[in-house]
> 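Before I ask anything, let me first share the structure, which is written out below as structure tokens.
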Amino acid sequence: MRYFITGATGFIGSNLARRLAGQGHQVRALIRKRSRAGLLENKNIDLIEGTLMDTQILLKAMEGVDGVFHLAAYAKPWAKDPTHYNRINLQGTLNILEAAQQQGVTKVVFTSTAGTLGPSLNGPVNETTPRLHDFFNEYESTKFMAEKAVKDYVLKGMNISIVHPSRVYGPGVLSKSNSVTIMVKNFLKGLWRIIPGDGNKMGNYVYIDDVVDGHIAALEKGKPGEQYILGGENASYADFFHTIQSLSGKNYRLFKIPVSLLVAFTTLQMTLAGLIKRPPLIPPKWVRKYMYNWELDSTKAENELDYHITPLKTGLLHTIHWLENQSSHE
């Protein structure tokens, strides 16, 4: 089979591309720079330089493919030009869908985020839970708009499924899209000592292999216009870090920082960033997400995609061993 993947140098995308190539499939991977595509060196992966704005490149890249995985997005917490979110996450998705339609691609999987579903105000969120809270940032809002665009193309007869990964972690590219693993790495080195708030707010953590499995299953079994949460275990911040402590033997003391204090700090560093012309570490509106629970229910994916969840302890143990092995080779 032949597949086209956008976002192939990212955390999920690179793991997906390598998995498909390892299974003997031919993969066409859209990349911006070859210098960032070292992990994609494989006889079954063809590297295509371009961006989501290069409509002719997209059209040619999708010629004769059996399926498209659209993972590319602008997920950084800050952009000098806020319209960048709309250009990449919405217009870029429209360009992908239009090219796929023109080439008669059989199936498309669009990767959104669990963030578009909103915080869990009354128990774990599923695909039909109404969102009762405003979007926290431009990333969430533009990905939500892209989901609406996907459904418009489904009405035009296209077969597109939407997947919603939660907080993904595990071996792979250490980038913004793998921030949970970076946090684990920093904790193991004694560089991360913070638990936001009282530590009781819940999040959902999913192992990278499960997310890759979910993407492939969505291409094979996902229904047109349907949304699937690719989640893992729900755990509080305190439980998450205590699990890392137990598995790693690193019992660094952790400090609970009130979210209000974190918001004040990030507001100050936003101001300073503007004065010294440097990107802020993280904007206050992203930090406010720590004030809410983000529990998820992946039952629909389990039932319709035969999706399986790796226990948090198992996934974190694999991740810790991988990080320790990486550290020994640095």
Side-chain angles (χ1 to χ4, degrees), residues 11 75-78 114-115 119-120 124 136-137 165-208 231-273 278-296 309-330:
F11 178 35
K76 295 179 180 179
W78 183 84
S120 51
F136 287 86
N137 49 62
S166 58
R167 299 175 185 175
V168 192
Y169 69 95
V173 177
L174 293 175
S175 63
K176 292 285 185 181
S177 57
N178 195 7
S179 58
V180 175
T181 303
I182 293 175
M183 185 171 62
V184 175
K185 178 182 179 180
N186 288 337
F187 175 82
L188 296 177
K189 290 186 173 183
L191 302 176
W192 183 279
R193 301 291 190 87
I194 295 174
I195 291 183
D198 60 8
N200 293 325
K201 294 301 181 185
M202 303 290 288
N204 185 277
Y205 302 89
V206 59
Y207 190 57
I208 181 60
E233 270 193 39
N234 295 309
S236 69
Y237 293 116
D239 286 343
F240 180 80
F241 283 108
H242 291 158
T243 300
I244 298 172
Q245 288 176 319
S246 175
L247 294 173
S248 67
K250 307 283 188 181
N251 292 310
Y252 299 119
R253 185 180 178 186
L254 292 162
F255 300 92
K256 295 177 180 178
I257 308 296
V259 174
S260 58
L261 186 59
L262 292 174
V263 170
F265 170 75
T266 53
T267 300
L268 175 61
Q269 57 97 30
M270 276 286 288
T271 303
L272 294 175
R278 288 184 181 179
L281 181 64
I282 184 171
K285 53 191 169 187
W286 283 73
V287 174
R288 290 189 178 94
K289 295 184 68 171
Y290 294 128
M291 299 170 66
Y292 298 87
N293 291 310
W294 294 84
E295 295 178 275
L296 295 169
I309 294 174
T310 297
L312 184 60
K313 285 186 177 180
T314 303
L316 281 176
L317 186 61
H318 288 321
T319 303
I320 291 168
H321 287 167
W322 178 77
L323 286 169
E324 291 174 341
N325 185 58
Q326 292 289 109
S327 179
S328 67
H329 288 87
E330 289 179 354

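The structure displayed is predicted, hence computed values, not measured ones. Counting from 1, the numbers follow the sequence of the chain as shown.
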> Is it true that a side-chain atom of Thr243 and a backbone atom of Lys313 form a donor plus acceptor pair closer than 3.5 Å?
no
> Taking side chain as C-beta onward, heavy atoms only, is Pro196 less than 4.5 Å from Ile257?
no
> Working to the nearest 0.5 Å, report the span between CD1 of Ile244 and OG1 of Thr319.
9.0 Å
> Looking at CZ of Arg253 and CG of Asn251, how far apart are the two atoms once the value is rounded to the nearest 0.5 Å?
13.0 Å
> Would you say that Val180 contacts Phe240 through its side chain, given a criterion of any heavy-atom pair below 4.5 Å between the two side chains?
yes
> Would you compute the distance between atom CG of Leu247 and atom OG1 of Thr314 and round it to the nearest 0.5 angstrom?
9.0 Å
> Could you pull out the closest heavy-atom pair between Gln245 and Lys250, with the gap in Å?
CG-O, 3.4 Å
> Can you name the nearest heavy-atom pair linking Ser236 to Asp239, along with the distance?
OG-N, 3.0 Å
> State, to 0.1 Å, how close Gly170 and Asn178 come at their nearest heavy-atom pair, and which atoms those are.
O-ND2, 3.3 Å
> Does any N or O in the side chain of Asn234 come within less than 3.5 Å of the main-chain N or O of Leu296, such that one atom is a donor and the other an acceptor?
yes
> Once rounded to the nearest 0.5 Å, what's the spacing between atom CE of Met183 and atom CG of Leu188?
11.0 Å
> Of all heavy-atom pairs between Pro119 and Tyr292, which one has the smallest distance, and what is that distance?
CB-CB, 3.7 Å
> To the nearest 0.5 angstrom, please state how far the OG atom of Ser248 sits from the CD1 atom of Ile320.
5.0 Å
> Tell me whether the centres of the aromatic rings in Trp294 and Phe136 are closer together than 6.0 Å.
yes
> So, do Trp192 and Ile182 sit near enough that their side-chain heavy atoms are less than 4.5 Å apart?
no
> Tyr205 versus Glu233: any side-chain heavy-atom pair under 4.5 Å?
no
> Are more than 12 heavy atoms, taken from residues, nucleotides or ligands other than Tyr252, located less than 6.0 Å from that residue's OH atom?
yes
> What's the separation between atom OG in Ser179 and atom NZ in Lys76, rounded to the nearest 0.5 Å?
13.5 Å
> Please tell me if the side chains of Gln326 and Leu174 come closer than 4.5 Å, counting only heavy atoms from C-beta onward.
no
> If you compare all heavy atoms of Glu295 against all heavy atoms of Met202, which two are closest, and at what distance to 0.1 Å?
CG-CB, 3.4 Å
> Write down the atom of Ile194, the atom of Leu254, and the distance for their closest heavy-atom approach.
N-CD2, 4.3 Å
> Just say parallel, tilted or perpendicular for the rings of Phe241 and Phe187, cut-offs at 30° and 60°.
tilted
> Walk me through it: do Leu312 and Tyr169 pass the test side-chain contact (heavy atoms from CB on, under 4.5 Å)?
CA-CA 10 Å; Leu312 184 60; Tyr169 69 95; 3.7 Å; yes
